[in-house]
Amino acid sequence: MRINKDQFSFSKRKNLIFSYKRGYGAIPAYIVNRFQWYFYPKLHYVSKFPIHLDVEISNECNMQCPMCFRTTEFFKKNIEKGFMEFSLFKKVVNEARRYGIYSIRISHRGEAFIHPNVIEFIRYAKRSGIKEVAALSNILALPPLLFEEAMKAGLDWLTISFDGLGPTYEKIRRPAKFKDSYEKVKAYKRIKEKAHSHKPVIKIQSVWPAVRTCAEEFIESFEPYVDGIASNPLIDYLHKDHPQDIEYWENFDCPTPYQRLTILFNGLVPYCHNDEFCTYIIGDIKKDTIRNVWHGPDMTKVRKAHRACQGRTVLSACKHCFLPRKAEPVIEHIGDRKLVVEKYTKRTQKIGA
């Protein structure tokens, strides 16, 4: 089994420090969670309840990034958009609380911070006992004042998609302006320091083509203000790669069916968080429980397929997924350092291609 998301760390700081800050306030539970996350897939152990939930509180976005699946005609015409109702979120959190789930991420295919009740969502999850509430954001709709509210509500981890510097960033992350976004990141640091808070830990992530020629400057720009910096190869979210050109790892046995479940804003449950186009819906939380879906016949079918290393042959979203896709290590020089970067074989690294 290969458990690797092909994301690599830029940060000069040790990952142990990031992990300590991430788990701060719940270290014993965090250690148990990391054990479960790594070993349950290896043992093919199906827990009573998912280890983690991705809860899509928003399937609306305020950006149009050229490499995003949201720009495809299929997504525009066929995928429902909207915001999650608070009553549904409460139903999800209440069940998760009963089973002692460790973490929930309030992001999936949209921008969480354009939801008008995002702070209420974070606060409810934390008051319910969820130990890690995380969010992924492009921060266009996250001014410092809203960040401070999220911090006070209990947000534990914020991952910021920040592709490149200057004009490169503005070309990819339109309509955001580099200077405005960069100043926000610095302001977040000041807010945390004033509150003497480790949380939310902040990780900056970028697609590799956006920073390949300015990696050293990118690191130096963000290192003083965030807890981690990472990058990843350009994923084929647009599904433009020809099937004959895609190479896969042999005997790939996916860890995801033993780790997490995704709940869309309308209550539907895709079989995987990487099934952005909803090719296989396995449940509806408005009509059923999370546990029933987790142990239901459709999810059992998914696990059986992956255990036989046949996921990409019988599940359509797996054919386009980046997890089973073969990558090769490439040495890149960043200043006086060498960085091992994994790049997908036969995969263009031109944004939007």
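Quick caveat, the model's predicted, so the values are computed rather than measured. Computed over heavy atoms, backbone and side chain alike; hydrogens, waters and symmetry mates excluded.
The two residues Ser221 and Tyr182 make their nearest non-hydrogen contact at O-OH, 2.7 Å. For Pro257 against Arg303, the heavy-atom pair with the smallest separation is O-NE, 2.8 Å.
Tyr271 and Ile281 fall into different hydrophobic clusters, where Ile, Leu, Val, Met, Phe, Trp and Tyr residues are linked whenever their side-chain heavy atoms come under 4.5 Å apart, directly or through other members. Using a 4.5 Å cut-off between side-chain heavy atoms of Ile, Leu, Val, Met, Phe, Trp and Tyr, with links allowed through other members, Ile139 and Leu146 fall into the same hydrophobic cluster. Both Ile229 and Phe178 belong to a single network of hydrophobic side chains, linked directly or stepwise wherever heavy atoms of I, L, V, M, F, W or Y lie under 4.5 Å apart.
Within a 6.0 Å radius of CD in Glu250, other residues, nucleotides and ligands contribute 12 heavy atoms or fewer. Heavy atoms from other residues, nucleotides or ligands lying under 6.0 Å from NZ of Lys48 number 12 at most.
Using a 4.0 Å cut-off between charged side-chain N and carboxylate O, Lys179 and Glu183 make no salt bridge. The residues Glu120 and Arg123 are annotated as not salt-bridged, no charged nitrogen and carboxylate oxygen being separated by less than 4.0 angstrom. Ion pairing between Arg22 and Glu132 holds under the 4.0 Å rule for side-chain N and carboxylate O. The existence of a salt bridge linking Glu85 and Lys91 is excluded, since no basic side-chain nitrogen approaches an acidic carboxylate oxygen closer than 4.0 Å.
Counting heavy atoms from C-beta outward, Tyr248 and Thr313 have side chains that stay 4.5 Å or more apart. Side-chain contact between Thr262 and Thr256 is absent, with no heavy-atom pair separated by less than 4.5 Å. Contact check for Phe89 versus Ile263: no side-chain heavy atoms found under the 4.5 Å cut-off. With contacts defined as side-chain heavy-atom distances shorter than 4.5 Å, the pair Pro175/Leu140 qualifies. Contact check for Arg260 versus Arg105: side-chain heavy atoms found under the 4.5 Å cut-off. You'll find the side chain of Tyr102 stays beyond 4.5 Å of the side chain of Ile51, heavy atoms only. Considering only heavy atoms from C-beta on, Phe74 stays 4.5 Å or farther from His239 through its side chain. Between Asp156 and Lys126, some side-chain heavy-atom pair lies under the 4.5 Å cut-off.
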Q) Does the side chain to side chain contact (heavy atoms under 4.5 Å, CB included) test come out yes or no for Ile235 and Tyr344, once each step is laid out? A) CA-CA 8 Å; Ile235 295 167; Tyr344 304 118; 3.9 Å; yes
Q: Decide yes or no on side chain to side chain contact (heavy atoms under 4.5 Å, CB included) for Glu80 and Phe265, but give the supporting numbers first.
A: CA-CA 9 Å; Glu80 184 183 3; Phe265 79 96; 3.6 Å; yes
(Q) Run Lys343 and Glu332 through salt bridge (charged side-chain N to carboxylate O under 4.0 Å, His left out) and show every step you take. (A) CA-CA 11 Å; Lys343 297 181 180 179; Glu332 297 281 356; 2.9 Å; yes
Q: Walk me through it: do Arg109 and Glu56 pass the test salt bridge (charged side-chain N to carboxylate O under 4.0 Å, His left out)?
A: CA-CA 7 Å; Arg109 299 171 298 176; Glu56 182 185 74; 2.7 Å; yes
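Here Trp37 and Tyr30 keep their ring centres 6.0 angstrom or further from each other. Taking the ring centroids of Tyr124 and Phe86, they lie under the 6.0 Å cut-off. Checked against the 6.0 Å centroid threshold, Phe162 and Tyr169 count as a close aromatic pair. Taking the six-membered ring for Trp and the full ring otherwise, Tyr40 and Tyr258 have centroids separated by 6.0 Å or more.
Evaluated for a side chain to side chain donor-acceptor pair (under 3.5 Å) with Asp227, the options Lys203, His198, Lys192 yield exactly one hit, Lys192.
Side-chain contact annotation: Tyr280 with Asp275, donor-acceptor N/O pair under 3.5 Å absent.
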